[in-house]
Each structure stands twice: as structure tokens, then as C-alpha cells.
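The structure appears below as C-alpha cells.
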Amino acid sequence: MRINLISDTVTKPTPQMLKAMFDAKVGDDVFKKDESVNHLEQKVAEMFGKEAALFFPSGTMANQTAIKLHTNPGDQVICDKDAHIYNYEGGGVSFNSGVSCKLVDGHRGMFTAEQAKAAINPPDFYHSPLTALIALENTANRGGGACWDFSEIEKIHKVAKDHELGFHLDGARLWNALVEKGETPEQYGALFDTISVCFSKGLGCPVGSVLVGNEETIHKALRIRKILGGGMRQAGYLAAAASYALDHQMKRLAEDHQKAKEIGKTLAELAIIKKVEPIDTNIIIFYLQDDIDEKAFLEKLEALGIDLIGMGSGKLRIVTHLDYTAEMHQEFLKIIQKIM
């Protein structure tokens, strides 16, 4: 039995999801004639109380499209130093939009309204980039799946509106935050101009993200998606998987969160572990003691059938997911107690 805890992106469609994909009614989505894609876009837009939505092959493309929508070349985006749009999107902010990032030194991938306000460049000071957008990430990946305090998001929203800035949410794992905190998509839709949500992580789909916004914004996004090469033809097979996941695989995210917390509790009791970050959802960030060789540790686990990811300097990550079964969970807990 191989146990893959590298990411929640490693999941495969369930038999029920595959059936939904097989039965999908499809057309040519480049001509907006795919019934299943149209259904998903309408479904997600309504969930967030937005006018429109657009299906993308990846969360990175959805985020990059949103950044381009909100900015002009030479502008600046405010984000956390650990933000996905800065660290893991291939430098797309500069390549695709010609903008730079003003990095905020937040905590676990999250920052305050005061920090956001302080990061805004004076609009009449032409020597510095013009601040155009504030971007948040919920849950915060490098922050260990941390969930933002919604009241702080409301305060940052006010800062954005007071300074006439765009407000975007990278909601790749927003579904996890909604389940964990009992929040609703409508709450987020009321604050953000654009939101990207991903289906290929906790919800277990093979491919796909959606960007939501008002009708004018999404109409412009359609052109940008085309420029970036994101137009797909019979994409309804993928959209059907996402629709199925929303209907059947949302609530079970709480199981991933519970398993993650149990793993964290076990790790915290072991002598070779220096620190375990707080666990909100399905991501565990932990650190080995300084005298433990990270590469050797990961190789030993791999030999025992367990795949984890190392982030360097003794920092490691575990992500629980749909395909990490109860049987695997018990086996993993036994193995880490033995190996450590």
C-alpha cells in the first residue's frame, strides 16, 4: 500500500465522478456551446452571488487572468510574501501582466488591513509603481492551510475600496476554509471583485478552476483566457466532474481536516520533530530537529511506501485528501511513530 501525502492534487476521480463525466452533455466551449460547462459556470456564479463565471484549465491561469484584468503594465499588486501568485506561478505576474508585487510580511500567509494600507504607494508619486490590486489567498498554502479571519478580510476590503483598488481572492482551497469555518460563498462574493476556485485539489477532480466576477469582468476574462491558450473544446467532461464534486464531495473535506489534526498531534509528541505549525485544514507543516537529515528522512519514508514533500531547511509538508483512506491513515500513524 503506497501512501501519497505530497498534495491533494494527486487524487483520482471516484467511480461516481467518472460516470458523471461519461454521461456529460458536451459541445464546443470555445463557441460557448458546451452545456455542461455553461451549467457549471452558472452554478458557481450563483453560489458566490456573482453575475458570471468562466471555466479554466488551471488555477494559475485563472489567477493570472484576474491579475491582468485588474492591472496595467507597470502597476503593482499587494500580496503576502508567501502568496501562490508570487511563489508558484512561474513569474506570471511580470511575464503576463508586466506588473510587480509589493510583498507584505504577514503571518502564515495572511496579513492585516493596517499592513495592506501601509503597502499602498502614494498614487501621485510617479517614481513608484501605481498600486492597483490587493490579492489574498485562502486557505494560505505556505501558511499550512491557514484560514483567514473573515473580519480582517472585511477590513482589507474597505482599504481596497477606499483607495479604489481591485480586490482578488486566490481561493484554490477556499472550499476547505468554508467547510472548516462554516462560512458561505456569498460572504466572499460580496467582498471580492474576482475569486478563483479550484476543483482539482480537495474536491478530487482531475482538472479545472473557475473565475467569478461581474458580467463585464468575465467577458473581458474570456478574451484573456483565449490569449493565454485556455480555450478548450469539449470541456464539459471536466466541468461535469466539478459539478459532481460540488454536489457530493464538499462536506467530506472535514474528514481531511480531522485526519490532518490527528497527524499533527502525533508528530508533536515525537522527539525528532522540532515544531508543528497550527493546523486549520488539510495541510500539515512541520520541522525536523536540526541534527536530522531531511533527505535521508524522506528517503526512509519513501522506502516504507510513504511520499511526503520537503520544502528545504528541515521544513516538510503533508497534505491529506480524498484518496487518503482511513486504512492508510492508521497505517501512516503507526509508521511515523515507529520510524521516529
Looking at [X] and [Y], what are the two nearest heavy atoms and their distance?
X      : Y      : answer
Phe55  : Glu41  : N-OE2, 2.9 Å
Ala119 : Lys102 : O-NZ, 3.0 Å
Tyr86  : Cys79  : CB-SG, 4.2 Å
Ser243 : His39  : OG-CD2, 3.7 Å
Ser100 : Pro129 : OG-CG, 4.1 Å
Ser196 : Ala62  : CB-CB, 3.9 Å

Problem set entry | Steps toward side chain to side chain contact (heavy atoms under 4.5 Å, CB included) verdict (Thr320, Gln258) | CA-CA 9 Å; Thr320 57; Gln258 182 58 37; over 6 Å; no
Could you tell me whether [X] and [Y] have a side-chain N and a carboxylate O separated by less than 4.0 Å?
X      : Y      : result
Lys300 : Glu302 : no
Asp29  : Arg225 : yes
Lys33  : Asp28  : no
Lys274 : Asp290 : yes
Arg142 : Asp82  : yes

Counting heavy atoms not belonging to [X], are there more than 12 under 6.0 Å from its [atom1]?
X      : atom1 : answer
Arg252 : CZ    : yes
Lys32  : NZ    : yes
Glu269 : CD    : yes
Lys261 : NZ    : yes
Glu215 : CD    : no
His219 : NE2   : no
Glu186 : CD    : yes
Lys81  : NZ    : yes

[atom2] on [Y] to [atom1] on [X], rounded to 0.5 Å:
X      : Y      : atom1 : atom2 : result
Ile78  : Lys117 : CD1   : NZ    : 12.0 Å
Gln289 : Leu270 : CD    : CG    : 10.5 Å
Cys205 : Leu322 : SG    : CG    : 9.5 Å
Leu267 : Ile263 : CG    : CD1   : 7.0 Å
Ile227 : Gln64  : CD1   : CD    : 13.5 Å
Asp307 : Ile3   : CG    : CD1   : 9.5 Å

Just by distance, with hydrogens left out, do [X] and [Y] show a side-chain donor and acceptor under 3.5 Å apart?
X      : Y      : value
Thr194 : His70  : yes
His248 : Gln16  : no
His84  : Asn63  : no
Gln76  : Asn121 : yes
Gln249 : Tyr244 : no
Glu51  : Asn214 : no

For this session: With sequence neighbours left out, write down each residue that passes side chain to side chain contact (heavy atoms under 4.5 Å, CB included) with Gln115, or none if nothing qualifies.
Result: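 Partners of Gln115 under the side chain to side chain contact (heavy atoms under 4.5 Å, CB included) test: Val104, Phe111, Thr112.
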Problem set entry | CA sep, side-chain torsions, deciding dist, call: Glu154, Lys158, salt bridge (charged side-chain N to carboxylate O under 4.0 Å, His left out) | CA-CA 6 Å; Glu154 291 177 315; Lys158 186 176 187 306; over 6 Å; no
Exercise. So do Glu262 and Thr266 actually touch side chain to side chain, heavy atoms under 4.5 Å?
Worked result: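 Thr266 does not reach Glu262 side chain to side chain.
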For this session: Indicate yes or no: at least one non-hydrogen side-chain atom of Ile153 is less than 4.5 angstrom from one of Leu191.
Result: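 Result yes, sub-4.5 Å side-chain heavy-atom pair found.
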Is it true that [X] and [Y] fall in one hydrophobic cluster, defined by side-chain heavy atoms closer than 4.5 Å?
X      : Y      : result
Phe332 : Leu316 : yes
Phe199 : Val319 : no
Tyr88  : Ile67  : no
Met21  : Val26  : no
Met1   : Leu5   : yes

Exercise. Phe286 vs Phe297 aromatic rings, parallel, tilted or perpendicular, using cut-offs 30° and 60°?
Worked result: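 Phe286 vs Phe297 ring planes: perpendicular.
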For this session: Could you check whether the rings of Phe192 and Phe167 sit parallel, tilted or perpendicular, using 30° and 60° as the cut-offs?
Result: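 Parallel, since the angle between the ring planes stays under 30°.
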For this session: Kindly determine whether Lys12 and Asp323 satisfy salt bridge (charged side-chain N to carboxylate O under 4.0 Å, His left out), including the steps that lead there.
Result: CA-CA 7 Å; Lys12 296 179 176 64; Asp323 289 354; 5.5 Å; no
Looking at [X] and [Y], would you say the former's side chain and the latter's main chain have a donor-acceptor pair under 3.5 Å?
X      : Y      : answer
Asn87  : Ala83  : yes
Ser97  : Ser94  : no
Gln330 : Lys334 : no

Exercise. After noting the C-alpha distance and the side-chain angles of Leu308 and Ile306, does the key distance pass the side chain to side chain contact (heavy atoms under 4.5 Å, CB included) rule?
Worked result: CA-CA 7 Å; Leu308 304 186; Ile306 296 172; 4.0 Å; yes
For this session: For Thr139 and Asp280, run side chain to side chain contact (heavy atoms under 4.5 Å, CB included): C-alpha distance rounded to whole Å, both residues' side-chain angles, the deciding distance at 0.1 Å, then the answer.
Result: CA-CA 9 Å; Thr139 66; Asp280 292 351; over 6 Å; no
Exercise. Is there a salt bridge (charged side-chain N to carboxylate O under 4.0 Å, His left out) between Asp80 and Arg108 once you walk through the steps?
Worked result: CA-CA 9 Å; Asp80 190 86; Arg108 298 181 66 212; over 6 Å; no
For this session: Take Asp193 and His168 through the side chain to side chain contact (heavy atoms under 4.5 Å, CB included) test and state the conclusion after the steps.
Result: CA-CA 6 Å; Asp193 299 311; His168 173 66; over 6 Å; no
Problem set entry | Evaluation steps, side chain to side chain donor-acceptor pair (under 3.5 Å), between Asp256 and His321 | CA-CA 6 Å; Asp256 296 342; His321 51 77; over 6 Å; no
For this session: With Arg173 as reference, evaluate Asn282, Thr281, Asn138 under the side chain to side chain contact (heavy atoms under 4.5 Å, CB included) test and give the passing residue.
Result: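 Of the listed residues Asn282, Thr281, Asn138, the side chain to side chain contact (heavy atoms under 4.5 Å, CB included) partner of Arg173 is Asn282.
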